[in-house]
Amino acid sequence: MSEPKYPGIPTTTDGAGNVVWVESHITDGSCAYPITSSTTMGVGYNLEVANGKENLWGTRLAFLEPESEHSSASAAEGFAVAGGRVTNFTSGQGLILMKEVLYVISGKRLPIVFHIGSRAMTSHSLNVHAGHDDIMGVSDTGWGILFARNAQESGDMALICRRAAENSQTPFFNVQDGFLTTHTIENVRLLEPEMMRDFVGNPMTKLRNLFDPYHPIMTGVVQNQDAYMKGKIAQRHFTDQVKPAIMEAMREFGDLTGRNYDLVEGYQMEDAEFAIVGIGSMIETATAVVDRLREEGRKVGCVHVTCFRPFPGQELARMIGGCKSVAILERMDDPLAGDNPLTAETKAALFDEGFSPVVHSGAYGLGSRDITSADIIAVYDLLASDEKSRYFTLGIDHPTVLERTQTVDGRPEGSFSMRGHSVGGFGSVTTNKVIATISADLFGKYVQAYPKYGSEKKGLPTNFYLSIADEHVRIHHELDILDFIAVQDVNAFSTGNPLKGLKNDGTVFIQSTAESPTVVISKLPTWAQNEINNRNLNVLYLDTAKIAREVSSSADLVVRMQGIVLLGIFLKSTPFAQGMDDADMYPAIEKSLRKYFGKRGEQVVQDNLTCVRRGYDEVQLITATDIATMEVKP
């Protein structure tokens with residue numbers, strides 16, 4: 001197969017960053033009041049505005065932040081009515097607050113694209129993490145809805161949404177899982193500016209200005225009993241164009257980039273007897289599980305519903321109709337409804353097409369509750385049983401839960417994975433991003449890096465995860481099989497087991513002010529000493545805070561800079577850096593540091609580089625053999 005015309009620009013970024021790349025090239029402006037987890041999209045776009053960026057046609061970008069999400073939707077409506085190409089970034093309560101305006105935008109046939117970091121709705125408690133409650137709560141407003149599974153797709157769908165919206169005169173939501181995609185760093189191929197220019201065209205010549213005083217049009221009028229229904233049903237002239245517009249945009253996009261998308265995308269479905277159907281990042285995890293189970297001879301597959309509106313009922317029913325049983329997994333729960341939204345749509349589609357597999361419905365991942373490869377295997381085990389249709393849950397302690405029966409390594413073969421235990425505000429999340437970027441640039445590897453923290457974050461425990469592999473990492477859950485663990489939070493041994501999941505013969509780094517190996521080990525709980533000894537673990541230790549204090553030329557950066565020292569320690573422990581010459585390694589590191597800290601000035605870049613060097617050179621190693629011969633005092 002020949003190389004596509006626009007293969008993309010290789011880099012590393014998260015789902016939010018990829019969206020900002022697209023929208024800051026093709027739009028005229030953004031009217032937004034960003035809310036977690038969409039905030040990084042709004043911040044990224046506003047940064048481009050502050051830097052004076054112009055779009056591909058020379059129009060300087062604008063950013064308007066009104067007093068609420070509702071007002072931002074109204075402002076975006078006005079922007080579009082006046083003929084501008086506009087965007088918005090929102091999530092959760094923010095999206096629901098907009099709902100009144102969303103009906104108006106679709107009714108006026110304004111081809112806006114809003115980007116959603118889909119988030120659980122606050123109900124019995126506040127949660128800022130992933131859930132599909134918000135987007136399902138506005139699925140009746142007349143907008144097209146496309147879902148991305150990973151960082152690559154978030155940017156690709158942004159452009160596809162824009163073309164489909166303007167060709168069908170219908171607004172679109174481009175949706176990705178909050179935090180699980182918006183904040184996950186991966187290898188992506190950014191769309192080339194010339195490709196975007198040709199694909200969506202100049203907004204000044206493509207969009208209508210309904211506020212043109214020379215060609216005035218009345219909008220938003222009052223219609224009574226004699227007219228309203230006629231106007232509402234007449235909208236079908238436009239909505240009938242949406243599905244063909246999406247399919248055309250996806251087809252053209254695939255021809256240009258080599259990345260092909262469809263309304264529903266099946267994986268190993270050709271002869272599948274049992275299938276999982278879902279939306280978002282979980283389905284990419286399921287593909288890794290499918291491959292594992294296929295090796296055991298099990299005829300399983302999975303389906304991603306990329307397009308939720310318009311719902312591709314016929315396409316989905318024909319893809320899963322021949323299965324013996326299917327499970328519909330949903331990142332939300334609406335117990336007073338007959339079924340959760342995707343299940344209800346799927347059952348209706350199967351009925352319409354004359355298919356009758358056993359259909360199970362499951363809820364998972366609400367508020368980013370972790371769902372592992374083992375959970376997905378439990379679903380396939382249910383499908384292979386003779387159980388009648390039932391509702392189930394995953395990953396919690398509840399009578400409806402499917403129990404995990406095994407631990408599965410869903411990572412690509414030869415992967416190297418890390419988990420970090422730190423404190424919010426220590427700069428560890430940024431360090432994880434830097435490590436991922438360097439690993440991709442320096443080692444030529446695929447990476448996946450993501451944080452785990454609560455809405456409180458600063459001053460409280462945080463975790464961060466990183467995998468490095470020779471191919472795309474498909475699992476999107478907390479890593480349960482690890483090669484390296486970094487313990488920067490000294491309280492981690494008191495509040496849990498930070499060694500959990502670490503392979504035998506693996507390595508753990510411990511932040512320590514101790515000056516001898518014996519003191520380092522003696523300060524650990526007895527159970528941790530025994531586990532390190534029994535499992536032949538290696539221990540690295542260093543006082544990263546001391547190095548940061550000595551190196552930083554700015555007092556306000558000391559706490560965050562100790563996280564950068566960890567970068568040097570990580571490079572010391574990873575097999576990919578072994579044998580590399582300093583002349584090759586440090587220029588690449590400096591390049592990545594400049595990407596993240598260059599705006600703070602040259603001194604800050606050099607301070608960070610010094611921290612990396614000292615972490616690499618000064619970290620101390622304690623082997624399991626050393627520990628076995630120590631006389632450790634309790």
Ring pair (Phe, Tyr, Trp, His ring centres under 6.0 Å) against W21, all qualifying residues, sequence neighbours excluded: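 Checked W21 against ring pair (Phe, Tyr, Trp, His ring centres under 6.0 Å); matches are H25.
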Among all residues two or more places apart in sequence or in another chain, which pass the ring pair (Phe, Tyr, Trp, His ring centres under 6.0 Å) test with F308?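 Result, ring pair (Phe, Tyr, Trp, His ring centres under 6.0 Å) vs F308: F311.
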Note, [X] side chain near [Y] side chain (heavy atom, < 4.5 Å):
X: I246; Y: P310; value: yes
X: R162; Y: T87; value: yes
X: M136; Y: P341; value: yes
X: E77; Y: V104; value: yes
X: V447; Y: V473; value: no
X: T287; Y: C302; value: yes
X: L180; Y: S368; value: yes
X: L110; Y: V81; value: yes

Which pair of heavy atoms, one from [X] and one from [Y], lies closest together, and at what distance?
X: S38; Y: G117; answer: CB-N, 4.4 Å
X: V22; Y: G155; answer: CG2-O, 3.5 Å
X: G178; Y: S37; answer: CA-OG, 3.1 Å

Between [X] and [Y], is there a donor-acceptor pair closer than 3.5 Å when you use the side chain of the first and the backbone of the second?
X: R85; Y: I26; result: yes
X: D133; Y: M332; result: no
X: R60; Y: K53; result: no
X: R109; Y: F238; result: no
X: N46; Y: G42; result: no
X: N224; Y: D226; result: no
X: K452; Y: T462; result: no
X: D607; Y: S553; result: yes
X: R331; Y: G365; result: yes
X: S71; Y: E67; result: no

Could you grab the distance from atom [atom1] of [X] to atom [atom2] of [Y], nearest 0.5 Å is fine?
X: M157; Y: N174; atom1: CE; atom2: CG; result: 8.0 Å
X: L557; Y: M561; atom1: CG; atom2: CE; result: 5.0 Å
X: S439; Y: I468; atom1: OG; atom2: CD1; result: 3.5 Å

Does [atom1] in [X] sit with more than 12 non-hydrogen atoms of other residues, nucleotides or ligands closer than 6.0 Å?
X: M247; atom1: CE; value: no
X: K5; atom1: NZ; value: no
X: Q235; atom1: CD; value: yes
X: K232; atom1: NZ; value: no
X: Y446; atom1: OH; value: no

Checking side-chain polar atoms at under 3.5 Å, does [X] have a donor or acceptor matched by the opposite partner on [Y]?
X: H132; Y: D177; answer: yes
X: T27; Y: E23; answer: no
X: T181; Y: T184; answer: no
X: T36; Y: R119; answer: no
X: Q606; Y: E590; answer: yes
X: T12; Y: N187; answer: no

Audit row: R474, Q448, side chain to side chain contact (heavy atoms under 4.5 Å, CB included) steps and yes/no: CA-CA 9 Å; R474 290 180 286 169; Q448 184 194 76; over 6 Å; no
Taking side-chain hydrogen bond (donor to acceptor under 3.5 Å, both in side chains) as the test, write out the residues that go with S106, two or more places apart.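 Applying side-chain hydrogen bond (donor to acceptor under 3.5 Å, both in side chains) to S106 gives none.
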Provide the full list of ring pair (Phe, Tyr, Trp, His ring centres under 6.0 Å) pairs with a residue in [range], sequence neighbours left out, each pair given once.
range: residues 91-113; answer: none
range: residues 174-197; answer: H129-F179, F179-H183, F179-Y453
range: residues 34-87; answer: Y45-F89

R149: which of Q176, H476, E284, E265 passes side chain to side chain donor-acceptor pair (under 3.5 Å):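 Running side chain to side chain donor-acceptor pair (under 3.5 Å) over Q176, H476, E284, E265 with R149 returns exactly one hit, E265.
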Non-neighbouring partners of [X] that pass salt bridge (charged side-chain N to carboxylate O under 4.0 Å, His left out), sequence neighbours left out:
X: D212; value: none
X: K591; value: none
X: E186; value: none
X: E602; value: R594

May I ask you to check if R259 and F253 form a cation-pi contact, with NZ or CZ under 6.0 angstrom from the six-membered ring centre and within 45° of the axis?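 Geometry flag: not set, cation outside 6.0 Å or 45°.
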Assess the residue pair F173 and W143 against the criterion (ring pair (Phe, Tyr, Trp, His ring centres under 6.0 Å)); give the C-alpha distance rounded to whole Å, side-chain angles, the decisive distance to 0.1 Å, and a yes or no. CA-CA 7 Å; F173 294 119; W143 289 53; 4.3 Å; yes
Which residue pairs satisfy the salt bridge (charged side-chain N to carboxylate O under 4.0 Å, His left out) criterion with at least one member in residues 30-45, sequence neighbours excluded?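 Listed once each, the pairs would be none.
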Test: salt bridge (charged side-chain N to carboxylate O under 4.0 Å, His left out). Region: residues 435-445. Which pairs qualify, not counting sequence neighbours?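 As it turns out, the salt bridge (charged side-chain N to carboxylate O under 4.0 Å, His left out) pairs with a partner in residues 435-445, which skip direct neighbours, are K445-D470.
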Step-by-step side-chain hydrogen bond (donor to acceptor under 3.5 Å, both in side chains) determination, N18 to T13: CA-CA 7 Å; N18 205 4; T13 190; over 6 Å; no
The single option from V188, V19, I185 passing side chain to side chain contact (heavy atoms under 4.5 Å, CB included) against D14: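 Option passing the side chain to side chain contact (heavy atoms under 4.5 Å, CB included) with D14: I185.
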With the threshold set at 4.0 Å, does a side-chain nitrogen-carboxylate oxygen contact exist between [X] and [Y]?
X: K99; Y: D140; answer: yes
X: E315; Y: K243; answer: yes
X: E192; Y: R197; answer: no

